[in-house]
2 protein chains.
Amino acid sequence: MQITRQTEYAVRILIELAGVPDSKMIRSRTVAEKHQLPEKFLNKTVQILVRAGLIETRRGLRGGLRLAVPADSVTIADVLTAIEGKVAINPCLHENHYCEHKSDCRVNKILQRAQDAMVAELSKETFADLAREEAGKNFSTSSDLRRDFACFVTSVNRQQKDRVVP
Amino acid sequence: MQITRQTEYAVRILIELAGVPDSKMIRSRTVAEKHQLPEKFLNKTVQILVRAGLIETRRGLRGGLRLAVPADSVTIADVLTAIEGKVAINPCLHENHYCEHKSDCRVNKILQRAQDAMVAELSKETFADLAREEAGKNFSTSSDLRRDFACFVTSVNRQQKDRVVP
DNA sequence: AACTAATAAGACTAATATAACCTTATTTAT
DNA sequence: ATAAATAAGGTTATATTAGTCTTATTAGTT
Ligand code: SF4
Ligand code: SF4
């Protein structure tokens, strides 16, 4: 019941890109270094975002990444869908999933409402908002390697084996 | 971003137990066969639920499973927590997770609100409600092997490779 | 045209989490 | 005693997630 690391990486890319003037391109390596993310894996993530139509890239010298859509029209929910596919917290929430009880299953309905509530929250603020927030902090758009945004999510996550079953 | 199969199995166990008169014990094998779940895996799940204090078991002849708490005091959210541990859709939502930006990170706040909204929905109806619903359907508490509740979630889930990235 | 710095693509591997199985104990009513 | 049930925990299998590596392609610069 977690979003994947890749989704979080993608969110960070989008925040990064939403925070710079429209036409400027940001190198993927810059993002990787700034956020301490594995570069190759980030590039793969970038490709998914490109295919989802959220960002665009240019190769070659002075190439890089840029938003393909207005920052105020993208939300975390969009990124989640782009990276992990259509959201469905249980298989039976896919409309193509068959279950004979689906039509009147109360569990299904509860799960659906829970998911909808979650997605609604994830859709409330756009990356334009998020980038503004970032700008308010000590966040820099320069290409040097200050780690204003570093958070070592992965390593911390790995030791999270502690089940809360007393 | 899915609940695990084990969580769904646990939900089914609880629905099953909530639907029978208080003192009666249900054999775990009965649940497994009725819902077409792998018996050994189900037993492991049962143990988790026991340790979480949600159900109690008795071994030996005429042993079985039974709710350890009133059906109207348990929700799907409780089961989710029992099986998967404290809910956290991103590592930084664990209060013991450190991130220097946590205190004023907007992403964190959005994720927290999304999670809260989801959990709130999952907490709205109790298993007493759910069992009532089941009773309304053609659901039987007899120990024969009618598969009133069968849903082949696992197999369907496995072919769900279709990423929605156009 | 040649060079260089960038992304593109995809195969490959590694690590982790999830799911399932199996075997041996332990308990309890009969 | 015996049979029928769960308890426990080790082992395996599978799926997902994360990350790496290699080679190609593109585009600006000189
Ligand atoms: S029985 Fe209900 S919860 Fe289970 S798969 Fe069918 S619709 Fe979903
Ligand atoms: S920067 Fe924000 S979203 Fe990322 S780990 Fe820290 S608190 Fe969570």
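Source: prediction; values computed, not measured.
Taking the side chain of B/Q6 as heavy atoms from C-beta on, and the options D/dA27, D/dT6, C/dA19, the nearest nucleotide is C/dA19. Of all nucleotides listed (C/dA25, D/dC21, D/dG19), C/dA25 comes nearest to the side chain of B/R59. The A/R27 side chain lies nearest to C/dA6 when the options are D/dT20, C/dA6, C/dA19. Taking every side-chain heavy atom of A/F41 into account, D/dG19 is the closest of C/dC21, D/dG19, D/dT6. Counting only heavy atoms from C-beta on, A/L61 has its side chain closest to C/dA5 among C/dT30, D/dG19, C/dA5.
Looking at A/M118 and A/I89, their side chains come closer than 4.5 Å, going by heavy atoms from C-beta outward.
Taking atom CE on A/M25 and atom P on D/dG28, their separation rounds to 11 Å, with Å as the unit. Remark: C1' of D/dA18 and CD of A/E8 are 14 Å apart, rounded to the nearest angstrom. Computed from coordinates, the A/L17 CG to C/dT7 C1' distance equals 14 Å when rounded to whole Å. Protein atom CD1 of A/I26 is 14 Å distant from nucleotide atom C1' of C/dA6, rounded to whole Å. Distance NE2 (B/H35) to C1' (C/dA19): 19 Å, rounded to an integer number of Å. Rounded to whole angstrom, the span from the CD1 atom of A/I83 across to the P atom of D/dA18 amounts to 10 Å. Computed from coordinates, the B/Q2 CD to C/dA19 C1' distance equals 14 Å when rounded to whole Å. One atom, CD of A/E56, and another, C1' of C/dA6, lie 16 Å apart when rounded to the nearest Å.
Between the A/Q2 side chain and the B/M1 main chain, no donor and acceptor come within less than 3.5 Å of each other. Judged by distance alone, the side chain of A/K102 and the main-chain N or O of A/N108 form no donor-acceptor pair under 3.5 Å.
Residue A/T4 has a polar side-chain atom (N or O) positioned under 4.0 Å from OP1 or OP2 of D/dA18. For the pair A/T57 and C/dT7, the criterion of a side-chain N or O lying under 4.0 Å from OP1 or OP2 is not met. For B/R62, no side-chain nitrogen or oxygen approaches OP1 or OP2 of C/dA29 to under 4.0 Å. Using a 4.0 Å cut-off, no side-chain N or O of A/Y9 falls inside it from OP1 or OP2 of D/dA18.
In terms of heavy atoms, B/L67 sits closest to B/A18 at CD1-CA, 3.8 Å.
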Considering only distance and modelled atom types, tabulate donor-acceptor pairs under 3.5 Å from the side chains of residues 71-80 of chain B, sequence neighbours left out.
unit_1 : atom_1 : unit_2 : atom_2 : d
B/S73  : OG     : B/P70  : O      : 2.8
B/T75  : OG1    : B/A77  : N      : 3.3
B/T75  : OG1    : B/D78  : N      : 3.4
B/T75  : OG1    : B/D78  : OD2    : 3.3
B/D78  : OD2    : B/T75  : N      : 2.8

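The list of salt bridge (Lys or Arg N to Asp or Glu O under 4.0 Å) pairs with a residue in residues 112-124 of chain B, not counting sequence neighbours, reads A/R113-B/E121, A/E121-B/R113, A/E125-B/R113, B/E121-B/K124.
Between A/M1 and A/L65, it is A/L65 whose nearest contact on DNA chain C lies nearer the 5' terminus. Summary of the strand contacts: B/K40 and A/G60 both lie near DNA chain D, and taking for each the nucleotide with the nearest heavy atom, the more 5' one is attributed to B/K40.
Side-chain atoms of A/N90 and B/E8 form a donor-acceptor pair, as typed in the model, at a separation below 3.5 Å.
Hydrophobic clustering (side-chain heavy atoms under 4.5 Å, transitive across Ile, Leu, Val, Met, Phe, Trp, Tyr) groups B/V50 together with B/I48.
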Polar atoms only, N or O, under 3.5 Å: list the protein pairs with nucleotides 11-13 of chain C and their distances.
unit_1 : atom_1 : unit_2 : atom_2 : d
C/dA11 : N6     : A/K44  : NZ     : 2.8

